[in-house]
Amino acid sequence: MSEILIEQINQTLHLRLNRPEKKNAITQAMYATLANNLNSAAGDFAVRSVVISGEGKAFTAGNDIMDFMNEEITMSSPVFHFLKAIHGFPKPLIAAVQGNAVGIGTTMLMHCDLVYAAPDTIFSMPFVTLGLVPEAGSSLLFPRLVGHAKASEIFLTGRSFGADEGLDMGLINSVEVEPLTKALAVAEIIADQPPSAVLNTKALLKSGSHIAVENVMLAEGELFRIALQSDETQGAFMKFMTSRKKD
Ligand code: COA
């Protein structure tokens, strides 16, 4: 069974992370599939919007830690192709999340146009705790959303937050018992709008920060790659993997 399920539902492309036994932790192969599908959807007239979701109890546990320990990450790695693809995706990108949304599971939402979250969602960006730095443009997008003080508190302490706080922040549109049903329904409502107006409106909404986000993503990427090799990060990853083996 594929680790990314791809389904066209009417005018919506649904990309579903499908690795529930690993809490949908995202491997480089999964990033490559996501990036390829987003890039094709961008030029496909039959696709009016894309919904991203996760199978099972968690949306995603973030980057696959084994991948990060075993593979050298460069700026040409699939994770960066994925980040470029979500940043530049011209059509509405809608996320449906539940359970754990760790690391990129939270930061990718800042590139989505609409986000629906189940009441049990736990957002977390434990980059500093892992010896890393924020990624996916979140060091610019998150303080812009919540203000410098709150962004600093969340990034520097590594604390997680729930769906209600995510709603207060404006990270999500609403808390939904069935976030995927809601996301697919809204995607179809948008699909019935005049497509050029949808594309142009999204472009206008993003235009103020597009280049700034691209630049910060490059800076974050360099620092993230260096941090991945550090003793702090390798130690934190090793601790996680060893603790799971003992369970
Ligand atoms: N990379 C690789 N494997 C992961 C993973 C990750 N990011 N997150 C979870 N897994 C694996 C676990 O090793 C475990 O595998 P196993 O059954 O073969 O031992 C399986 O997924 C289930 O995870 P588990 O930790 O037992 O689930 P949980 O419900 O107790 O906790 C999380 C869920 C998400 C809170 C916890 O798995 C976690 O903290 N994961 C790491 C998150 C992280 O640091 N991501 C990197 C951000 S840059």
Side-chain angles (χ1 to χ4, degrees), residues 1-20 23-24 26 30 33-60 82 85-102 104-123 136 141 145 161-206:
M1 181 64 94
S2 169
E3 290 179 339
I4 303 289
L5 300 178
I6 302 154
E7 188 184 13
Q8 176 90 23
I9 306 171
N10 302 320
Q11 305 178 88
T12 304
L13 183 73
H14 180 201
L15 300 176
R16 190 157 175 82
L17 306 172
N18 183 38
R19 204 184 170 215
K23 304 286 169 188
N24 293 326
I26 310 175
M30 291 163 76
T33 305
L34 290 168
N36 289 341
N37 277 279
L38 284 171
N39 291 336
S40 327
D44 183 345
F45 288 117
V47 175
R48 294 284 178 86
S49 52
V50 169
V51 168
I52 298 188
S53 71
E55 182 64 38
K57 290 197 171 138
F59 174 54
T60 171
F82 170 69
I86 47 169
H87 176 51
F89 192 64
K91 299 176 182 178
L93 196 51
I94 306 175
V97 304
Q98 76 287 341
N100 290 107
V102 187
I104 201 157
T106 294
T107 58
M108 77 164 86
L109 305 178
M110 297 172 203
H111 294 270
C112 291
D113 303 292
L114 298 150
V115 181
Y116 299 103
D120 71 347
T121 308
I122 301 170
F123 301 99
L141 293 168
L145 190 66
F161 54 93
D164 287 340
E165 194 173 351
L167 184 61
D168 287 347
M169 287 174 182
L171 178 67
I172 66 172
N173 289 77
S174 60
V175 181
E176 298 287 335
V177 177
E178 298 285 350
L180 180 57
T181 306
K182 177 75 179 180
L184 291 169
V186 174
E188 283 305 307
I189 293 171
I190 295 172
D192 288 337
Q193 302 287 324
S196 301
V198 169
L199 289 178
N200 288 335
T201 300
K202 169 160 178 169
L204 286 166
L205 285 167
K206 297 257 170 177

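The residues of the chain are indexed from 1 along the displayed sequence.
Closest of all the heavy-atom pairs between Gly105 and Thr60 is CA-CG2, 3.4 Å.
With sequence neighbours excluded, the residues that form a side-chain contact (heavy atoms from CB on, under 4.5 Å) with Ile6 are Ile4, Leu13, Leu15, Thr33, Asn37. In this structure, Ser49 has no side-chain hydrogen bond (donor to acceptor under 3.5 Å, both in side chains) partners at least two apart in sequence or on a different chain. In this structure, the side-chain contact (heavy atoms from CB on, under 4.5 Å) partners of Pro119, at least two apart in sequence or on a different chain, are Val175. Partners of Arg19 according to the side-chain hydrogen bond (donor to acceptor under 3.5 Å, both in side chains) rule, which considers only residues two or more places apart in sequence or in another chain, are Asp64. Residues satisfying the salt bridge (Lys or Arg N to Asp or Glu O under 4.0 Å) criterion with Lys202, sequence neighbours excluded, are Asp113. For Tyr116, there are no ring-ring contact (aromatic ring centres under 6.0 Å, His included) partners two or more places apart in sequence or in a different chain. By the side-chain hydrogen bond (donor to acceptor under 3.5 Å, both in side chains) test, Lys23 pairs with no residue at all, sequence neighbours left out. In this structure Thr201 satisfies the side-chain hydrogen bond (donor to acceptor under 3.5 Å, both in side chains) test with no other residue, sequence neighbours excluded. With sequence neighbours excluded, the residues satisfying ring-ring contact (aromatic ring centres under 6.0 Å, His included) with Phe161 are Phe123. Qualifying ring-ring contact (aromatic ring centres under 6.0 Å, His included) partners for His87, counting only residues two or more places apart in sequence or in other chains: His111, His210. For Asp44, the side-chain contact (heavy atoms from CB on, under 4.5 Å) partners at least two apart in sequence or on another chain are Ala46, Val47.
In this structure, Ile190 and Leu114 have side chains that are in contact, with non-hydrogen atoms separated by less than 4.5 Å.
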**Request:** Evaluate the side-chain contact (heavy atoms from CB on, under 4.5 Å) criterion for residues Ile86 and Leu34: first the C-alpha distance (whole Å), next the side-chain angles of each, then the deciding distance (0.1 Å), finally the verdict.
**Result:** CA-CA 9 Å; Ile86 47 169; Leu34 290 168; over 6 Å; no
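A side-chain donor-acceptor contact under 3.5 Å links Gln98 to the backbone of Gly56.
From Asn24, atom CG reaches atom CZ of Phe59 across 8.5 Å, with rounding to the nearest 0.5 Å.
Among residues at least two apart or in separate chains, side-chain hydrogen bond (donor to acceptor under 3.5 Å, both in side chains) pairs with a member in residues 165-179 are Lys150-Glu165, Arg159-Glu165, Ser174-Glu176.
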